[in-house]
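Take a look at the structure set out below.
Treat the numbers as computed from the prediction; the structure is a model and nothing was measured. In what follows, every chain begins at residue 1, and chains take the letters A, B, ... in the order their sequences are listed.
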There are 2 protein chains.
Amino acid sequence: MPVTIKDIAKRTGKSITTVSRALHGYDDVSPETREMIVRTAEEMGYTPNLLAQRLQKQRTDTLGFILPTFGPRFSDPFFSEFLAGIGNTAGEYGYDLLVSTQPPGEKELEIYRKKVMGRQVDGFIVVRTRCHDPRIQLLREMGTPFVAFGRTEDDLDYPFVDEDGAAGMSMLVEHLLKLGHRRIAYISPPLEYTFARDRLRGVQETLTAAGLALPEDYLVFGDLTQRSGLAEAARLLNLPEPPTAIIAGNDLMAFGAMSAVQQRGMQVGRDIAVAGFDDTPMAETAHPPLTTVHQPIYKIGRMITEMLIKIIQGEPLESTQIILKPQLIVRQSCGE
Amino acid sequence: MPVTIKDIAKRTGKSITTVSRALHGYDDVSPETREMIVRTAEEMGYTPNLLAQRLQKQRTDTLGFILPTFGPRFSDPFFSEFLAGIGNTAGEYGYDLLVSTQPPGEKELEIYRKKVMGRQVDGFIVVRTRCHDPRIQLLREMGTPFVAFGRTEDDLDYPFVDEDGAAGMSMLVEHLLKLGHRRIAYISPPLEYTFARDRLRGVQETLTAAGLALPEDYLVFGDLTQRSGLAEAARLLNLPEPPTAIIAGNDLMAFGAMSAVQQRGMQVGRDIAVAGFDDTPMAETAHPPLTTVHQPIYKIGRMITEMLIKIIQGEPLESTQIILKPQLIVRQSCGE
DNA sequence: GAGGACGGCCAAAACGTTTTGGGAGATAAT
DNA sequence: ATTATCTCCCAAAACGTTTTGGCCGTCCTC
């Protein structure tokens, strides 16, 4: 039903070859013929069949991205922003984006394999790397181009962009120390994520350097959601000697922690300090506005996508392993 | 480089046809040959080339979804949840999901057209319909299967799922009236969206029915972000006679409104009531927990995807236009 | 006027599948 | 012995492109 190149050939009386070449601006077709072909193609509403094009070209011009969803109430500002970054960039470069949703686990790898081996994508974007990330190992084995957001702890050589979470936490802890806090607790994301270890290390090292430590009961673990931030903060506040400052491993848990504080009638920023990590858009308009470490998620999405496209196209990269310096954003949630 | 069906044929000494048929379980190949072929295919690590398969089958098994992003700091829990719904469902049914990001406007329609005409997708999911939605008109014209989240005001016959926003707002307003509120303000999303008119109508009609009205200066407009909720609520609170209750057209703006209230040292739920719409996961853990109207976004994503797949596969639908009854979720942000 | 260069065009192969329409040989029915 | 019916298999066409290699004139050059 749709118009093919063959239809145009028939209509113009030219060969398929000539039509194809005319439409692609080759110079071995005369200007008049080209003009004529282009015009009829337009009239007939021709759009190339991308499947056929790709089969022939042996390239898909498609990037793969697997969204690690957790349960139905999946809602993380991190991902919408990141997705916007990679989506926009891919679009600008003429690439499509194939998105799958899959919680980490067994079937996850199967999807990666199938998309690659089925030649559905030219490359992958991997997000939220884990310490020993099977996805990275698989992609390396298969020789598929990919770029990751985050490092692993295996000493693998692969392209990534990451933010120096340890440095970020360090800045944050120093800030709190300077404000006089001595009892600082930390709600950590699950340690299977590399960024979680990284951030925890930053907290611990900075405290140690200051002659303090992170006591065992001041280190609790959440699952990155607001709900768990609330629950864990509540536990911290119930301690016989509760902390005067709570750092959360991401903004979402920090918001939860703020709610926990407020639920007991205390005031965030005055009675107790709360800080996050990520600087999601909500951090600015929360009450009180959240002190946090900025992570340019959108920009990282763009960078990763551009790197991946360059790799796919065989262009050289200036640097394949980029670690961004974090930036501390001081707002009111830790007081003055 | 990758293994093709031809390689298997060569290795097994059978024809391409037989290999293909064996792998698809046709019964005109003997059990022994089939077994042998399947085994070697596995040994050789064969994965069918989906491009070729699709070109031949004239189906893509892919659904299209265009994420309407607004600027780099795009972050809306609505979309992550919706995306999870459609992504999971598509995956279960063996469909891929092709996601583009594109702000509404000129180029938007071009993308829809290209994906359809380029035979990249079998159908589309349209989200956040507008009153006169050019996307719907285009898709209808092209005869592409699609299902929308939301209605339009043109009287077009197309499949959709929507929630009865007017009824939801009605319940919310009644709740506030019952609590004694008489000065109720509304922060509306842009009226180009059908759901915005719907919700506004619900607010106005219910107030009118109660012998009240929505005065002009109590009706303000935000852009669905938390930031604009904060700004507009601030304007409302600056009025000579400020409202005692603020309803926001979505949760995100409600959170902003809550911040605005708290910034002036007032207490949400005691000094002033704030309510939202959507019941995003954050509503539950905000402080105070937000009274809002529940919208089962994940489930709607699932429903829409299932409907679309049925349409594509030519199966009959029980109902093509579904309007869900909303549910009021009373929490503490409007007091007792 | 022979040789070469060039401009404009095209047939055919290729990409990796699935499907169509048989065909060969064995067994069963007449 | 002929015909019919299976069982197992295959060659070739098709899906819609791009690319390869070459062909046929015309125009120039010596």
In whole Å, I'd like the distance from the [atom1] atom of [X] to the [atom2] atom of [N].
X	N	atom1	atom2	value
A/Lys6	D/dT17	NZ	C1'	11 Å
A/Asp7	D/dT17	CG	C1'	13 Å
B/Lys10	C/dT17	NZ	P	13 Å
B/Lys57	D/dA13	NZ	P	22 Å

Criterion ring pair (Phe, Tyr, Trp, His ring centres under 6.0 Å) on A/Phe78 and A/Phe149, from CA distance to verdict: CA-CA 12 Å; A/Phe78 176 91; A/Phe149 185 168; 5.7 Å; yes

5' precedence on DNA chain D between B/Gln58 and B/Thr33 (nearest-nucleotide basis):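 Between the two, 5'-proximity favours B/Thr33.
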
If you compare every side-chain N and O of [X] against the phosphate oxygens of [N] (OP1, OP2), does one of them come in below 4.0 Å?
X	N	result
B/Tyr26	C/dT19	yes
A/Tyr46	D/dT17	yes
B/Gln56	D/dA13	no
A/Gln53	D/dT18	yes
A/Thr17	C/dC10	no
A/Lys14	C/dC10	no

Of the listed nucleotides D/dT19, C/dG16, C/dC10, the one nearest the side chain of B/Ala52: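 Among the listed nucleotides, the one closest to the side chain of B/Ala52 is C/dG16.
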
From D/dC10, C/dC15, C/dG16, nucleotide with atom closest to B/Arg21 side chain: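 Minimum distance to the B/Arg21 side chain belongs to D/dC10.
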
Could you tell me whether [X] contacts a base, only the sugar-phosphate backbone, or nothing, with contacts defined as non-hydrogen atoms closer than 4.0 Å?
X	answer
A/Arg54	nothing
A/Ile16	base
B/Thr4	sugar-phosphate
A/Arg119	nothing
B/Ser30	sugar-phosphate

Minimum heavy-atom distance between B/Asp96 and B/Arg54, given as atom pair plus value: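 For B/Asp96 and B/Arg54, the tightest heavy-atom pair comes out as OD2-NH2, 2.9 Å.
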
Parallel, tilted or perpendicular: rings of B/Tyr158 and B/Phe146 (30°, 60°):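 B/Phe146 and B/Tyr158: parallel rings.
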
Toward the 5' end of DNA chain C, by each residue's nearest nucleotide, B/Asp28 or B/Leu51: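 Result of the comparison: B/Leu51.
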
A/Glu35 with A/Arg39: basic N within carboxylate O range, under 4.0 Å: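 The answer is yes: the pair qualifies as a salt bridge.
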
Candidates B/Lys115, B/Arg130, B/Arg113 - the one meeting salt bridge (Lys or Arg N to Asp or Glu O under 4.0 Å) with B/Glu108: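 Looking at B/Lys115, B/Arg130, B/Arg113, the match for B/Glu108 under the salt bridge (Lys or Arg N to Asp or Glu O under 4.0 Å) is B/Arg130.
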
